J.: 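Mind looking over this structure? Questions follow.
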Amino acid sequence: MDRIAITETATKVLNTLKAKHGALIFHQSGGCCDGSAPMLLEKDDMYIDESDILLGTLHGVNFYMNQDQFEYWKHTHLTVDVTEGRGASFSLEIPLGLRFLIHSRLLTEEENAVLNKKNN
């Protein structure tokens with residue numbers, strides 16, 4: 001059971017950027033720039049610490065969320081997608097005229113019981 005997924009279209013963009021930049025990570029901070037938009041960064045360009053939670057791996061790319069943001073999103077399933085348009089961040093897809101975004105839905109009761117078991 002996964003907490004995060006990615007669309008086929010976003011996967012194609014992700015794979016293009018992996019081929020160009022090497023090891024990558026997604027990070028969703030909820031802070032400045034694009035707010036809660038996921039940012040795709042070169043792995044060594046982002047310091048990950050104990051305040052970041054690993055939500056899952058998308059085609060070999062870890063997706064992290066800041067712990068404070070996770071408290072708001074922990075009852076949702078997230079799907080990374082991509083759309084045309086320029087975001088206001090340092091995310092690697094921006095020069096392509098694209099930006100990653102999140103679609104969310106509430107977890108089912110079964111998903112919530114498994115994914116948030118220590119919170120039940």
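Every value quoted in this text rests on a predicted model; they were computed, and no experiment measured them.
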J.: For F100, run the side-chain contact (heavy atoms from CB on, under 4.5 Å) check against T7, L92, V80 and tell me which one passes.
T.: V80

J.: Hydrophobic clustering (ILVMFWY, side-chain heavy atoms < 4.5 Å, transitive) - are L101 and L96 grouped together?
T.: no

J.: Work out which heavy atom in R99 is nearest to a heavy atom in E93; give both atom names and the distance.
T.: CA-OE2, 3.3 Å

J.: Rounded to the nearest 0.5 Å, what's the gap from CG on L41 to CG on L17? Could you check?
T.: 11.0 Å

J.: Counting only N and O atoms by type, is there a donor-acceptor contact under 3.5 Å from the side chain of D49 to the main-chain atoms of S51?
T.: yes

J.: Any donor-acceptor pair under 3.5 Å linking the side chain of R3 with the backbone of L115?
T.: yes

J.: Assess whether side-chain hydrogen bond (donor to acceptor under 3.5 Å, both in side chains) is satisfied between H59 and N15, documenting all intermediate values.
T.: CA-CA 8 Å; H59 298 276; N15 288 337; 5.1 Å; no

J.: Output the distance between atom CG (L54) and atom CD1 (I25), rounded to the nearest 0.5 Å.
T.: 10.0 Å

J.: Check whether N116 reaches the backbone of K74 with its side chain - one donor and one acceptor, N or O, closer than 3.5 Å.
T.: yes

J.: For salt bridge (Lys or Arg N to Asp or Glu O under 4.0 Å), just list the numbers for E111 and R105, CA-CA rounded to whole Å, side-chain angles, deciding distance to a tenth of an Å, and then say yes or no.
T.: CA-CA 12 Å; E111 288 171 326; R105 66 165 172 81; 2.9 Å; yes

J.: Find out if a path of hydrophobic residues (ILVMFWY) with successive side-chain heavy-atom gaps under 4.5 Å connects F63 to F70.
T.: yes

J.: What distance do M39 atom CE and I94 atom CD1 have between them, rounded to the nearest 0.5 Å?
T.: 10.0 Å

J.: Between H27 and D52, do the side chains contain an N or O donor and an N or O acceptor separated by less than 3.5 Å?
T.: yes

J.: Side chains of T79 and I4: does their closest heavy-atom pair fall under 4.5 Å?
T.: no

J.: Whether the E110 and T108 side chains hold a donor-acceptor pair (N or O, under 3.5 Å, no angle test) is what I'd like checked.
T.: no

J.: Between L14 and I102, is there a shared hydrophobic cluster once you connect ILVMFWY residues whose side-chain heavy atoms come closer than 4.5 Å?
T.: yes

J.: Could you go step by step and tell me if Y64 and N62 meet the side-chain hydrogen bond (donor to acceptor under 3.5 Å, both in side chains) rule?
T.: CA-CA 6 Å; Y64 294 92; N62 286 345; 3.3 Å; yes

J.: Can any side-chain N or O of S91 pair as donor or acceptor with the backbone N or O of L40 at less than 3.5 Å?
T.: yes

J.: If you round to the nearest 0.5 Å, how far is CD1 of I6 from CG of L78?
T.: 12.0 Å

J.: Starting at CD1 of I53, measure out to CD1 of I48 and round the result to the nearest 0.5 Å.
T.: 11.5 Å

